[in-house]
Amino acid sequence: MTADLDQALERLQAAGLYRRRRVQDRPQQPEALVDGRPMLSFCSNDYLGLANHPEVIAALQRGAEHWGVGSGAAHLVNGHSAAHHALEEELADFTRRPRALLFSTGYMANLGIISALTGRGDTLWQDRLNHASLLDGALLSRAALRRYPHADAAELGRLIGEQDTRMIATDGVFSMDGDLAPLPALALIARHAGAWLLVDDAHGLGVLGREGRGTLDHFGLDAEQVPILMGTLGKAFGTFGAFVAGSETLIETLIQRARSYIYTTATPPALAEATRTSLALARREDWRREHLQALIARFRAGANQLGLPLSESPTPIQPLIAGSSHQALAWAAELETRGILVGAIRPPTVPEGSARLRVCLSAAHTETMVDRLLDALGALRPETPNASP
Ligand SMILES: *Cc1c(COP(=O)(O)O)cnc(C)c1O
């Protein structure tokens, strides 16, 4: 039996698809220590630089003193603390929606939402490049999953036609491409079809819109146009967990039916206290978003000048498309020899033939750091980025 597995692992190795973990020896920050070696990192989703913020750390410590560590039970048993409750109210206020509901992770939130609202006999449409958790939620729900070409609302409208559709689900900001979903057009299609629209804004919240209210605020869409907003707390907010925001009826339905909500232990209350602090910082400190936008503009101007294969991304996720997995790995390895860490993203995370370097910028980076990255990218051997088709 393990012989089969060994062979499968060898095939992954040969195809350049093998994945390895690195051991981080410091808190999340650009100046990383990786497997004992100092590296400048452009890998994290800590877009606002809050993961290691002293006020957030202090809130977690105070929270642990007050609440202990474990929540001890699921939310529906007796694990739902006043700290969780206050955070839910603050998330509802932040997203301008009647209610918000905490989930333990974004992965679990998507499984829970989709399987609670769709089932056998329903049709569910998803963008081809949606996050894996949205796809897995569809599989779990047993609804018929149909996928439309990436960000192509016109094609989705044509495909749906007059068909009965229960839900349309999309990333707000696409996690491996950094581009935005065409939400205004999707909202119109969903309304016309009488379908739920679910937007997973894991990478937009905190980063885009007023106070970091995300992709919906960026497009000026309200809770009627996008009835289900899902967000994660482990990215721009720098902590851990996720939430869904929407109507009273939606949230009550999820509490009754979402199995990934019901059958799991509530996250530690101290974590909720930490997130309350980071949410307040994220809302208040516009300078983090402004600095991040300046870094994005600097990176894009520099990369353009170097002739690097940039994509159309207005967000901190800046992919450089390599094509083959071996090419993406070769670029990442070469950057690594220069002390720069950038993720090489390969299938099945991205479609075959579109392996890439995924540069992630953060408000914790400085302009000098971005310049160091550009220098290293510019010094790659000629058969690497600049020469790629
Ligand atoms: C990270 C991510 C998730 C999963 O969130 P976790 O809290 O890490 O489980 C879901 N959707 C998208 C688009 C993501 O980027």
Side-chain angles (χ1 to χ4, degrees), residues 27-30 44-64 66-67 81-102 106 172-173 180 199 201-223 226 229-245 267-298 314-317 360-367 369:
Q28 187 57 256
Q29 59 191 319
S44 90
N45 302 310
D46 180 26
Y47 301 122
L48 298 181
L50 293 174
N52 188 28
H53 190 289
E55 283 181 45
V56 180
I57 296 169
L60 185 72
Q61 287 169 332
R62 280 196 311 275
H66 185 84
W67 294 104
S81 70
H84 295 113
H85 206 74
L87 174 58
E88 288 183 344
E89 284 173 350
E90 287 158 15
L91 287 166
D93 175 69
F94 172 56
T95 57
R96 305 280 201 268
R97 282 158 190 256
R99 296 269 308 265
L101 183 70
L102 286 172
V173 172
L180 310 189
V199 174
D201 209 19
H203 300 276
L205 287 166
V207 172
L208 300 174
R210 290 164 296 167
E211 295 192 313
R213 273 185 256 138
T215 314
L216 274 53
D217 189 73
H218 170 86
F219 284 119
L221 294 168
D222 64 22
V226 180
L229 169 62
M230 176 276 192
T232 61
L233 302 170
K235 290 171 179 154
F237 301 107
T239 60
F240 182 83
F243 69 94
V244 180
T267 50
L271 183 63
E273 299 288 16
T275 305
R276 294 178 68 193
T277 297
S278 73
L279 175 62
L281 286 166
R283 291 181 76 164
R284 184 170 77 227
E285 297 193 340
D286 279 328
W287 67 263
R288 293 180 187 272
R289 276 177 288 281
E290 285 157 14
H291 177 55
L292 186 55
Q293 286 306 326
L295 295 179
I296 294 168
R298 190 179 188 91
T315 68
I317 302 166
C360 279
L361 299 169
S362 163
H365 287 120
T366 62
E367 294 190 344
M369 290 174 180

Result block: side-chain N/O donor-acceptor pairs under 3.5 angstrom for residues 279-286, not counting sequence neighbours:
| residue | atom | partner | partner atom | Å |
| --- | --- | --- | --- | --- |
| R283 | NE | E211 | OE1 | 3.4 |
| R283 | NH1 | D93 | OD2 | 2.9 |
| R283 | NH2 | D93 | OD2 | 3.2 |
| R283 | NH2 | E211 | OE1 | 3.1 |
| E285 | OE1 | R288 | NE | 2.7 |
| E285 | OE1 | R288 | NH2 | 2.9 |
| D286 | OD1 | R289 | NH2 | 2.9 |

Taking the side chain as every heavy atom from C-beta outward, state whether V244 and L102 have any atom pair closer than 4.5 Å. no

Side chain proximity check, I317 to H203, heavy atoms < 4.5 angstrom: yes

Any donor-acceptor N/O pair, S278 side chain to L50 backbone, under 3.5 Å: no

So, taking the atom named CH2 in W287 and the one named CG in L292, what distance separates them when rounded to the nearest 0.5 Å? 10.5 Å

Is H66 reaching over with its side chain to a backbone N or O of G63, donor-acceptor style, under 3.5 angstrom? no

CG/L87 to OG1/T275 distance, rounded to the nearest 0.5 angstrom? 5.5 Å

Do the side chains of P316 and V207 get nearer than 4.5 Å, heavy atoms only? yes

CG-CG distance between L208 and L180, expressed to the nearest 0.5 angstrom: 6.0 Å

Check E88 with R99, please: is the shortest side-chain N to carboxylate O separation under 4.0 Å? no

Side chain H291, main chain H365, donor-acceptor under 3.5 Å: yes

What distance separates N52 CG from Q28 CD, expressed to the nearest 0.5 Å? 8.5 Å

Closest heavy-atom pair and its distance - G214, D201: CA-OD2, 3.4 Å

How far apart are the closest heavy atoms of P30 and M369, and which atoms are they? CB-SD, 3.7 Å

Can you see which heavy atom on G206 is nearest to which on L48, and at what distance? O-CD1, 3.4 Å

Pairwise side-chain contact, F94 with L205, heavy-atom cut-off 4.5 Å (strictly under): yes

Side chains of D46 and S362, donor plus acceptor under 3.5 Å: no

Looking at CZ of F243 and OG1 of T95, how far apart are the two atoms once the value is rounded to the nearest 0.5 Å? 6.0 Å

Under the ring pair (Phe, Tyr, Trp, His ring centres under 6.0 Å) test, residues paired with F240 that sit two or more places apart: none

So, do L216 and R97 sit near enough that their side-chain heavy atoms are less than 4.5 Å apart? yes

Would you call P268 and W67 a side-chain contact if the rule is heavy atoms closer than 4.5 Å? no

So does E273 pair up with R62, basic N to acidic O under 4.0 Å? no

Let me confirm one number: the OG1-CG distance from T239 to L60, rounded to the nearest 0.5 Å. 9.0 Å

Taken in chain and number order and not counting sequence neighbours, the residues that satisfy ring pair (Phe, Tyr, Trp, His ring centres under 6.0 Å) with H85 are H80

